[in-house]
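A, B, ... follow the sequence lines: proteins, then strands. Residue 1 opens every chain.
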Amino acid sequence: MSGFVYDSGFILPREFYGRETALVARDLLGKIIVRLSGNGIAAGRIVETEAYVRGDPACHAFRGMTPRNRAMFGPPGHAYIYFTYGMHYCFNVVTAEEGVGEAVLVRALEPLEGLCIMSKRRGREKNTDLCSGPGKLVQAMGIGPDLYGHDLTCEPLVILGGEPRPGEAVAVAARVGISAAADLPLRFYFKNNRYVSKK
DNA sequence: ATGATGATTAACT
DNA sequence: GTTAATCATCATG
């Protein structure tokens, strides 16, 4: 392990995740995801999230547990990763309490470290096109189905503490790309941040 | 067994 | 703004 980002942070404790999902989604803004792999270290700051909660028809856990969503019903602080549109993976953090089935979708990161690795994985050069979307950041960070259910307090994929910068404001809006419960204000992002997936 | 759908992205017009 | 790419998952029969 190496890199200033990794050495300067602290790993978020499980208690951070074991709270109301919308709160976790909001508080995840500014936190840092670190991915260790054979290619080196990659890290990014979370700038956009969405909450998926109980009683929410847009939530993958809405109709109960299936082989696909079983990680959502596991302990908080673990990864729920799913495949969609026949070509993309998305990364979520399990929240609330075990057995409930709630999670936070991480929609965008501000790249901090390992920009070269990210560019290589993405096949794109522009910094703003590396992690500005749920499918993009998963690709840039080298996150795959092998990390399904992974404990995010452990390597090789961890989330470290971090705070909003002075003057950085949190915006709340409707979630992106869903048809059910499309009006709920469960999307959180940093206003005016260039790495957010959509304005 | 079959069919509709999707927490997306990139490439067009 | 529109659309093709591309397929696992899930509900239905």
- Query: Pairs counted as Watson-Crick or G-U wobble with both distances under 3.5 Å: what dot-bracket string results for DNA chain C, using | for bases tied to another strand?
  - Reply: |||||.||||||.
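- Stacking of A/Tyr82 onto the six-membered ring of B/dA7 is not present when judged by under 5.5 angstrom between centres and under 30° between planes.
- Residue A/Thr66 has no polar side-chain atom (N or O) positioned under 4.0 Å from OP1 or OP2 of C/dT9.
- Taking the ring centre of A/Tyr189 as origin, the terminal cationic atom of A/Arg187 falls inside the region bounded by 6.0 Å and 45° from the ring axis.
- Listed pair A/Arg122 / B/dA10 meets the phosphate criterion, a side-chain N or O lying under 4.0 Å from OP1 or OP2.
- Checked against the 6.0 Å centroid criterion, the rings of A/Tyr82 and A/His60 qualify as a close aromatic pair.
- In this structure, A/Arg175 atom CZ and B/dA7 atom P are separated by 10 Å, rounded to whole Å.
- In this structure, the CD atom of A/Glu48 is 13 Å from the C1' atom of B/dT8, given to the nearest Å.
- Following rounding to the nearest Å, A/Phe188 (CZ) and B/dA7 (P) show an atom-to-atom distance of 19 Å.
- The distance between atom CZ of A/Arg70 and atom C1' of C/dC10, rounded to the nearest whole Å, is 16 Å.
- Using a 4.0 Å heavy-atom distance criterion, A/Arg187 is classed as making no nucleic acid contact.
- Using a 4.0 Å cut-off between charged side-chain N and carboxylate O, A/Arg194 and A/Glu48 make no salt bridge.
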- Item | salt bridge (Lys or Arg N to Asp or Glu O under 4.0 Å) evaluation trace for A/Arg107 with A/Glu50 | CA-CA 7 Å; A/Arg107 287 193 58 89; A/Glu50 284 179 0; 3.7 Å; yes
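- Centroid-to-centroid, the aromatic rings of A/Phe91 and A/Tyr89 stay 6.0 Å apart or farther.
- Rounded to whole Å, the distance from CZ on A/Phe91 to C1' on B/dT8 is 17 Å.
- Contacts of A/Arg68 with the nucleic acid, taken as non-hydrogen atoms under 4.0 Å apart, involve only primed sugar atoms and P, OP1 or OP2.
- The NZ-P distance, from A/Lys198 to B/dA7, rounds to 12 Å in whole Å.
- Rounding to whole angstrom units, CZ of residue A/Arg63 and P of C/dT12 are separated by 9 Å.
- With a 4.5 Å cut-off on side-chain heavy atoms, A/Arg54 and A/Cys59 do not count as touching.
- Between the CD atom of A/Gln139 and the P atom of B/dT9 there is a distance of 10 Å, rounded to whole Å.
- Where A/Lys136 and A/Gly177 each meet DNA chain B at their nearest nucleotide, the meeting point lying more 5' is that of A/Gly177.
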Taking only nitrogen or oxygen atoms into account, show me every contact under 3.5 Å that the protein makes with nucleotides 1-7 of chain C, one pair per line with its distance.
residue: C/dT6; atom: O2; partner: A/Tyr85; partner atom: O; Å: 2.7

